[in-house]
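What follows is one structure encoded as structure tokens, with my remarks underneath.
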Amino acid sequence: MNKIENNVLIIGSGPAGYTAAIYAARANLKPHLVSGLEPGGQLTITTDVENYPGFGDVIQGPWLMEEMKKQAINVGTVFHNDIVTSVNFTNNPFVSNTESGKEFISKSIIIATGAQARWLNIESENKFKGFGISACATCDGFFFKDQKVMVIGGGNSAVEEAIFLTKFASKVILVHRRDTLRAEKILQDRLFKNKKIEVIWNNKVVEFIGEDNPQTLKQVILENTKNGKKLTLDINGAFIAIGHDPATSLFKDKLDMDNENYIITKNDSTETSIKGVFAAGDVKDKIFRQAVTAAGMGCMAALEAEKFIAENN
């Protein structure tokens with residue numbers, strides 16, 4: 001087994017992981033970063049990015065992640081294209097093992113494994129992801145100015161996304177598989193009062209239809225969950241809002257988490273329930289879920305790790 005002693009191990013490689021790496025490397029901590037299943041995180045499946053500060057023109061998500069990675073390498077981060085399979089937080093230094101047989105012995109760990117949007121998992125969905133189908137209204141709503149869009153879901157996030165999209169879209173159709181919403185009453189009141197929003201009850205999406213060149217979403221086929229009747233609607237965009245799952249299974253029973261398995265950190269801090277273990281980005285943030293907030297937390301985690309190491313050296 002290849003043993004690697006290090007100051008900071010960063011697990012995950014989205015905006016939080018890369019920013020943590022940049023700050024830790026600049027503090028001369030010589031961080032090691034294990035990129036995980038989806039190097040670059042959720043931004044690698046986002047095409048146009050318009051809300052990341054510092055760019056006058058629209059940029060591409062994969063390009064932004066590639067630039068962050070280059071920056072982290074240039075300042076001294078050691079990258080491992082690998083997956084962490086086990087962690088042991090019982091004693092410091094902490095021990096982590098990877099799929100390829102590496103063993104990291106680390107004074108501190110920054111967890112930046114992110115979260116994944118839940119998808120409908122129907123075949124035609126993959127075809128139009130990033131080309132009309134999105135899981136983030138705040139990221140992509142702007143691209144549907146004066147167009148007709150659909151939101152799929154019935155919880156708080158679905159209702160919030162539907163209301164948010166009325167700022168841009170000419171019409172928003174909310175589709176829910178049941179006949180009542182799970183969202184908070186105050187949000188439901190706002191939704192029902194909004195004249196731009198139409199709700200279609202007891203229906204589920206069975207297929208997305210569109211054109212190939214360029215890839216463009218054109219229609220959605222719904223199926224009634226009670227009588228099986230099909231309904232075809234013309235739409236320009238679809239937002240899947242059936243929740244997110246944080247990538248935290250590796251840390252189950254090792255760190256304090258909330259009832260949705262997001263890692264709990266101390267107030268105004270990225271420190272977890274174990275001293276020396278920090279969490280940044282969507283793995284602990286279910287409210288904002290933006291690249292810029294994840295990057296900010298990555299910075300916080302690196303600064304806190306630096307302080308922890310200095311105090312416990």
Side-chain angles (χ1 to χ4, degrees), residues 12-19 38-68 112-120 125-153 155-170 172-174 187 196-197 205 208 210 214-217 220 235-247 262 280-298:
S13 59
Y18 286 157
T19 307
E38 194 178 50
Q42 291 181 75
L43 268 193
T44 53
I45 54 161
T46 306
T47 45
D48 293 352
V49 175
E50 261 193 323
N51 55 7
Y52 199 85
F55 300 96
D57 295 317
V58 179
I59 53 168
Q60 299 297 301
W63 175 84
L64 179 61
M65 290 299 91
E66 205 46 52
E67 290 299 304
M68 279 196 194
T113 46
Q116 288 90 32
R118 283 185 212 136
W119 295 97
L120 299 172
E125 181 181 51
N126 288 325
K127 188 176 174 184
F128 297 104
K129 267 185 200 173
F131 299 95
I133 296 178
S134 168
C136 179
T138 45
C139 316
D140 300 324
F142 178 80
F143 302 113
F144 296 92
K145 216 166 172 25
D146 302 323
Q147 294 181 48
K148 192 172 165 185
V149 299
M150 180 178 281
V151 175
I152 296 115
N156 279 356
S157 59
V159 172
E160 282 167 357
E161 300 232 318
I163 294 166
F164 176 80
L165 286 164
T166 60
K167 292 181 184 180
F168 310 103
S170 55
V172 178
I173 299 166
L174 181 78
L187 286 174
K196 275 191 177 181
I197 299 172
V205 175
F208 294 100
Q215 275 172 289
T216 320
L217 181 66
V220 171
I235 59 157
N236 306 103
F239 291 84
I240 318 295
I242 53 174
H244 281 73
D245 293 311
Y262 285 85
D282 287 15
V283 78
K284 62 139 285 182
D285 167 30
K286 57 183 168 187
I287 297 167
F288 303 107
R289 287 202 205 101
Q290 300 298 305
V292 68
T293 47
M297 278 182 261

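The analysis underlying the following values was restricted to heavy atoms, covering all of them including side chains, and did not include hydrogens, waters or symmetry mates.
- At least one side-chain heavy atom of Phe168 sits under 4.5 Å from a side-chain heavy atom of Phe142.
- Contact detail for Ala291 and Leu43: the closest heavy-atom pair is CB-CD1, 3.8 Å.
- Contact of the Lys127 side chain with the Phe208 side chain is not registered, since no non-hydrogen atoms from C-beta on lie closer than 4.5 Å.
- How far CD of Glu50 is from SG of Cys139: 11.5 Å, rounded to the nearest 0.5 Å.
- Using a 4.5 Å heavy-atom cutoff, the side chains of Lys284 and Met297 are in contact.
- Considering only heavy atoms from C-beta on, Val292 comes within 4.5 Å of Tyr52 through its side chain.
- Rounding to the nearest 0.5 Å gives a distance of 12.0 Å between CG of Leu165 and CD1 of Ile173.
- The two residues Thr19 and Ala295 have their closest heavy-atom pair at CG2-O, 3.2 Å.
- Looking at Ser13 and Glu38, their side chains never come closer than 4.5 Å, going by heavy atoms from C-beta outward.
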Problem set entry | Pair Phe164-Phe239, side-chain contact (heavy atoms from CB on, under 4.5 Å): steps then yes or no | CA-CA 12 Å; Phe164 176 80; Phe239 291 84; over 6 Å; no
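- Residues Ile133 and Trp119 meet the side-chain proximity criterion, which asks for heavy atoms closer than 4.5 Å.
- The two residues Ile242 and Ile152 come nearest to each other via the heavy atoms CG2-O, 3.8 Å.
- Taking each heavy atom of Leu187 and Glu160 in turn, the nearest pair found is CD1-OE2, 3.8 Å.
- Between Asp282 atom CG and Thr293 atom OG1 the span is 7.0 Å, to the nearest 0.5 Å.
- Across all their heavy atoms, Pro39 and Tyr18 have their closest contact at C-OH, 4.4 Å.
- For the atom pair Gln147 CD and Lys145 NZ, the distance stands at 10.5 Å (nearest 0.5 Å).
- Remark: Thr138 OG1 to Gln290 CD distance equals 4.0 Å, nearest 0.5 Å.
- The backbone N or O of Leu120 lies less than 3.5 Å from a partner atom in the side chain of Glu125, making a donor-acceptor pair.
- With contacts defined as side-chain heavy-atom distances shorter than 4.5 Å, the pair Arg118/Asp245 qualifies.
- Of all non-hydrogen atoms in Leu174 and Ala162, the two that sit nearest each other are CD1-CB, 4.4 Å.
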Problem set entry | Audit row: Phe55, Leu64, side-chain contact (heavy atoms from CB on, under 4.5 Å) steps and yes/no | CA-CA 10 Å; Phe55 300 96; Leu64 179 61; 3.9 Å; yes
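- To the nearest 0.5 Å, atoms SG (Cys136) and NE2 (His244) are separated by 7.0 Å.
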